[in-house]
Amino acid sequence: MNIDWQLLGFSDEGWGMALLRAAGVTFSVSLCAFVLGMLLGSLLCWMQLSGDRWQRKIANGYVIVMRGVPELLVIYLFYFGGRQVVAFFGGVLGLAGPFDVNGFIAGAMAIGLISGAYQSGVFRGAWYAIPKGTVEAAVVTGMTKMMMFRRIIVPQALKTAVPALGNQWQSVIKESALVSVTGLVETMSQVSSASGSTQMPFFFYAVGAVIYLIITVISDQVFRHIEKFSLRGQKIISQQG
């Protein structure tokens, strides 16, 4: 198979710049979804650990639903269902159509809400991993809640949470490929366009796999550094204590 490597160039005939922009969109969607998942996961974790029975039921119900429904279906609901919702309220307000939903926002929100269900389990596991005696000792010594949160809870929870959060980030990156169904030009969508235009599907889908692999490998190294930093910070705090 003869490969014209100029197809990956940055000239008008090459797909290099288009693929680079698409990779940037993939990373941006993944980052927004992951941050949303962290915020939602933290809230769900707090609700699951709280003493209120209804809060626990709501949080557990949300986790069950989001873990049980396919990711692609959630994206469809947000994108196509969101268009109908926007069109309905637009009609109520007397606004003229057509109405549309931004593919980036719909995709990032859908993946973020799914990720939040899984990240809640990460945060809950990190909380349970903190030795009860450590927290009790902090209370006995008269630490304020903020000081205990900063010096005891966060350092010890990060040690357990960071590796699992790294796995969740990798999952979010791969799930971002599903956002192509919204028409957003991310890596998967751009690779499909390039393969169709050049009639070289194997080559461009292999290039797409390499792009995702590069993102995940770099991300893995970043999370490894964060994990080492959290362990170093915990040692320093323990020495100060």
Side-chain angles (χ1 to χ4, degrees), residues 1-39 70-83 86-87 97-115 162 165-229:
M1 181 177 63
N2 294 324
I3 298 176
D4 184 4
W5 293 102
Q6 292 183 352
L7 291 173
L8 296 180
F10 292 89
S11 62
D12 293 338
E13 294 78 18
W15 290 85
M17 183 56 69
L19 290 170
L20 187 61
R21 284 196 296 263
V25 173
T26 293
F27 179 80
S28 300
V29 170
S30 301
L31 182 61
C32 291
F34 185 73
V35 172
L36 175 60
M38 285 189 68
L39 296 175
E71 291 86 348
L72 185 59
L73 181 56
V74 177
I75 294 174
Y76 275 134
L77 287 172
F78 264 81
Y79 185 64
F80 295 107
R83 293 169 67 177
V86 172
F99 301 98
D100 201 0
V101 174
N102 185 278
F104 184 100
I105 296 175
M109 287 188 63
I111 296 175
L113 294 179
I114 296 168
S115 179
V162 170
L165 287 176
N167 293 333
Q168 284 301 311
W169 166 250
Q170 305 286 19
S171 298
V172 167
I173 292 175
K174 289 182 284 187
E175 289 167 3
S176 69
L178 301 174
V179 180
S180 60
V181 300
T182 67
L184 185 68
V185 183
E186 43 71 65
T187 301
M188 193 64 190
S189 175
Q190 192 65 71
V191 164
S192 299
S193 298
S195 64
S197 299
T198 61
Q199 298 301 309
M200 298 180 66
F202 179 81
F203 174 70
F204 275 102
Y205 282 118
V207 170
V210 171
I211 291 174
Y212 282 108
L213 185 60
I214 290 173
I215 296 175
T216 53
V217 168
I218 294 175
S219 301
D220 183 64
Q221 293 301 314
V222 171
F223 272 94
R224 286 179 185 274
H225 283 295
I226 295 174
E227 184 178 0
K228 290 180 181 178
F229 178 79

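If you're wondering where the values come from, they're calculated on a predicted model, not measured in any experiment. This chain uses plain numbering: 1 for the first residue, then up along the sequence.
- Distance CD1/Ile105 to SG/Cys32: 9.5 Å, rounded to 0.5 Å.
- To the nearest 0.5 angstrom, Leu165 atom CG is 12.0 Å from Gln170 atom CD.
- Side-chain N or O atoms of Ser115 include none that pairs as donor or acceptor with a backbone N or O of Gly112 at under 3.5 Å.
- Separation of atoms OG (Ser28) and CZ (Phe104) is listed at 5.0 Å; rounding is to 0.5 Å.
- Using bins of under 30°, 30° to 60° and over 60° for the plane-to-plane angle, the ring pair Phe223/Phe34 lands in the perpendicular bin.
- A heavy-atom distance below 4.5 Å is found between the side chains of Tyr205 and Met188.
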- prompt: How far apart are the C-alpha atoms of Thr182 and Ile75, what are their side-chain angles, what is the distance that settles it, and do they pass the side-chain contact (heavy atoms from CB on, under 4.5 Å) test?
  reply: CA-CA 8 Å; Thr182 67; Ile75 294 174; 3.8 Å; yes
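- Residues Ala33 and Val172 share a closest heavy-atom pair of CB-CG1, 4.1 Å.
- Contact detail for Leu72 and Leu178: the closest heavy-atom pair is N-CD1, 4.0 Å.
- Rounded to the nearest 0.5 Å, atoms CZ (Arg21) and CH2 (Trp15) are 10.5 Å apart.
- The heavy-atom pair separating Ser195 from Pro201 by the smallest distance is CB-CA, 3.4 Å.
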- request: Given side-chain contact (heavy atoms from CB on, under 4.5 Å), test Trp169 with Leu31 step by step and report yes or no.
  value: CA-CA 8 Å; Trp169 166 250; Leu31 182 61; 4.3 Å; yes
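- For the atom pair OG (Ser11) and CE (Met17), the distance works out to 10.5 Å, reported to the nearest 0.5 Å.
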- request: Let me see the working for Leu8 and Phe203 under side-chain contact (heavy atoms from CB on, under 4.5 Å), right down to the final yes or no.
  value: CA-CA 10 Å; Leu8 296 180; Phe203 174 70; 3.7 Å; yes
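- Taken from CG in Leu7 to OG1 in Thr198, the straight-line distance is 6.0 Å, to the nearest 0.5 Å.
- With sequence neighbours excluded, the residues forming a side chain to side chain donor-acceptor pair (under 3.5 Å) with Asp220 are Arg224, listed by chain and number.
- Between the side chain of Thr26 and the backbone N or O of Thr187, at least one donor-acceptor pair lies under 3.5 Å.
- Contact record, Gly103 with Val179: O-CG1, 4.0 Å, taken as the closest heavy-atom pair.
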Chi angles and distances behind the side-chain contact (heavy atoms from CB on, under 4.5 Å) call for Leu20, Phe10: CA-CA 10 Å; Leu20 187 61; Phe10 292 89; 4.2 Å; yes
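- Shortest non-hydrogen contact noted between Val101 and Ala106 is CG1-CB, 3.9 Å.
- In terms of the side chain to side chain donor-acceptor pair (under 3.5 Å) criterion, residue partners of Glu186 (sequence neighbours excluded) are, by chain and number, Tyr212.
- Residues passing the side chain to side chain donor-acceptor pair (under 3.5 Å) test with Tyr76: none are found, sequence neighbours excluded.
- The minimum heavy-atom distance between Leu19 and Gln190, with the atom names listed, is CD2-CG, 3.9 Å.
- At least one side-chain heavy atom of Leu113 sits under 4.5 Å from a side-chain heavy atom of Phe78.
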